[in-house]
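Reckoned from all heavy atoms, side chains included, excluding hydrogens, waters and symmetry mates.
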Amino acid sequence: MKKRRVIGIDPGLAHTGFGIIDAIGERKQLVSYGIIETSPDDEHGTRLLAIYNRLVALLDEFRPDEASMETLYFARNVTSALNVAEAKGVVTMTLSQFAVPLSLYTPNQIKTSVTGSGKADKELVERYVKLLLNLETEPKPDHAADALAAAITHIHSTHG
């Protein structure tokens, strides 16, 4: 069976989570996860460039075959939603530059795929990510756990 490497991304201006998983058939193995953090003290454009540069480094290092990300939902805070949308644009562009196909999933699709319930809270998602990837502890911070959940959802939703 062919190994598929999937990168899940949880975009944000302050914290962009990433999670990289290898899938061989039904088996999933954690490769790496973490966050790309930017400082609110930096200029807006500099923060977007930092996300781009770090993502380029991750794509160069890990060479994922596919990518997944949560669709943008509309939050009450318009400024926050715009910042997430801009970060998502940088991620989408960078993946396209590396010819990594991107699939989008709704928050409910991700929660249901990982936990079996669209009403799951963040803690439950983290516990299931830990179980599904056979980790010793829940992945932290939550942006990284959300990125791993997006990658797991993509693996569950597609066949390599």
Side-chain angles (χ1 to χ4, degrees), residues 2-39 47-73 80 83-84 86-117 120-158 160:
K2 183 181 179 295
K3 177 183 80 174
R4 297 165 56 209
R5 179 161 285 177
V6 177
I7 183 169
I9 300 175
D10 180 37
L13 186 61
H15 303 99
T16 290
F18 66 89
I20 302 163
I21 299 172
D22 283 346
I24 303 157
E26 294 296 311
R27 210 181 78 214
K28 293 177 274 309
Q29 180 179 352
L30 175 68
V31 176
S32 182
Y33 71 92
I35 58 167
I36 300 168
E37 194 167 7
T38 68
S39 170
R47 295 175 81 181
L48 294 171
L49 185 59
I51 294 167
Y52 169 80
N53 287 332
R54 182 71 175 103
L55 186 55
V56 164
L58 287 168
L59 295 175
D60 271 338
E61 180 178 356
F62 294 107
R63 302 272 177 209
D65 303 301
E66 303 159 50
S68 63
M69 188 163 50
E70 190 176 287
T71 57
L72 184 62
Y73 61 92
S80 173
N83 285 337
V84 170
E86 288 184 347
K88 186 177 175 198
V90 168
V91 168
T92 302
M93 176 197 71
T94 308
L95 291 168
S96 183
Q97 179 183 1
F98 278 76
V100 178
L102 173 63
S103 295
L104 300 174
Y105 300 94
T106 66
N108 273 359
Q109 284 176 302
I110 292 173
K111 290 176 187 177
T112 301
S113 174
V114 173
T115 71
S117 169
D121 62 14
K122 284 197 175 292
E123 290 73 27
L124 190 62
V125 170
E126 288 172 8
R127 283 202 301 275
Y128 270 85
V129 167
K130 173 190 164 196
L131 288 170
L132 290 167
L133 295 177
N134 201 21
L135 305 177
E136 303 226 346
T137 60
E138 284 87 4
K140 299 286 184 188
D142 61 347
H143 296 288
D146 289 347
L148 287 168
I152 290 167
T153 299
H154 183 68
I155 292 164
H156 287 172
S157 301
T158 56

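Closest heavy-atom contact between Ala151 and Gly8: CB-N, 3.7 Å.
Residues Lys140 and Glu126 are paired through a salt bridge, judged by an N-O separation under 4.0 Å between the basic side chain and the carboxylate. For Asp65 and Arg4, the salt-bridge test fails: no basic side-chain N is under 4.0 Å from an acidic carboxylate O.
To the nearest 0.5 angstrom, Asn134 atom CG is 10.5 Å from Leu30 atom CG. Atom-to-atom distance recorded for Ser96:OG and Leu102:CG is 9.5 Å, nearest 0.5 angstrom. Between atom OG1 of residue Thr137 and atom CZ of residue Arg127 there is a gap of 13.5 Å, rounded to the nearest 0.5 Å. Here CZ of Arg47 is found 4.0 Å from CG of Leu13. Values are rounded to the nearest 0.5 Å. Residue Ile35 holds its CD1 atom at 9.0 Å from OG1 of Thr16, rounded to the nearest 0.5 Å. Expressed to the nearest 0.5 Å, how far CZ of Phe98 lies from CG of Asp60 amounts to 4.5 Å.
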* To do: Show your reasoning for whether side-chain contact (heavy atoms from CB on, under 4.5 Å) applies to Leu132 and Leu148.
  => CA-CA 10 Å; Leu132 290 167; Leu148 287 168; over 6 Å; no
* Please report the C-alpha distance between Phe62 and Ile7 in whole Å, then the side-chain angles of each, then the deciding distance to 0.1 Å, and finally whether the side-chain contact (heavy atoms from CB on, under 4.5 Å) criterion is met. => CA-CA 9 Å; Phe62 294 107; Ile7 183 169; over 6 Å; no
* To do: Tell me, with the steps shown, if Val6 and Thr158 meet side-chain contact (heavy atoms from CB on, under 4.5 Å).
  => CA-CA 11 Å; Val6 177; Thr158 56; over 6 Å; no
* Thr92 and Met69: side-chain contact (heavy atoms from CB on, under 4.5 Å), yes or no, with the steps? -> CA-CA 9 Å; Thr92 302; Met69 188 163 50; 3.6 Å; yes
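No option in Arg27, Lys3, Lys2 other than Lys3 meets the salt bridge (Lys or Arg N to Asp or Glu O under 4.0 Å) test with Asp22.
Under the 4.5 Å side-chain criterion, counting only non-hydrogen atoms from C-beta, Ile20 is not in contact with Glu61. Side-chain contact between His156 and Gln109 is absent, with no heavy atoms from C-beta onward closer than 4.5 Å.
Not one N or O on the side chain of Thr94 forms a donor-acceptor pair closer than 3.5 Å with the backbone of Tyr52. Of the possible donor and acceptor atoms, one in the side chain of Thr153 sits under 3.5 Å from a partner among the backbone N and O of Ala149. Between the side chain of Thr115 and the backbone N or O of Val125, no donor-acceptor pair lies under 3.5 Å.
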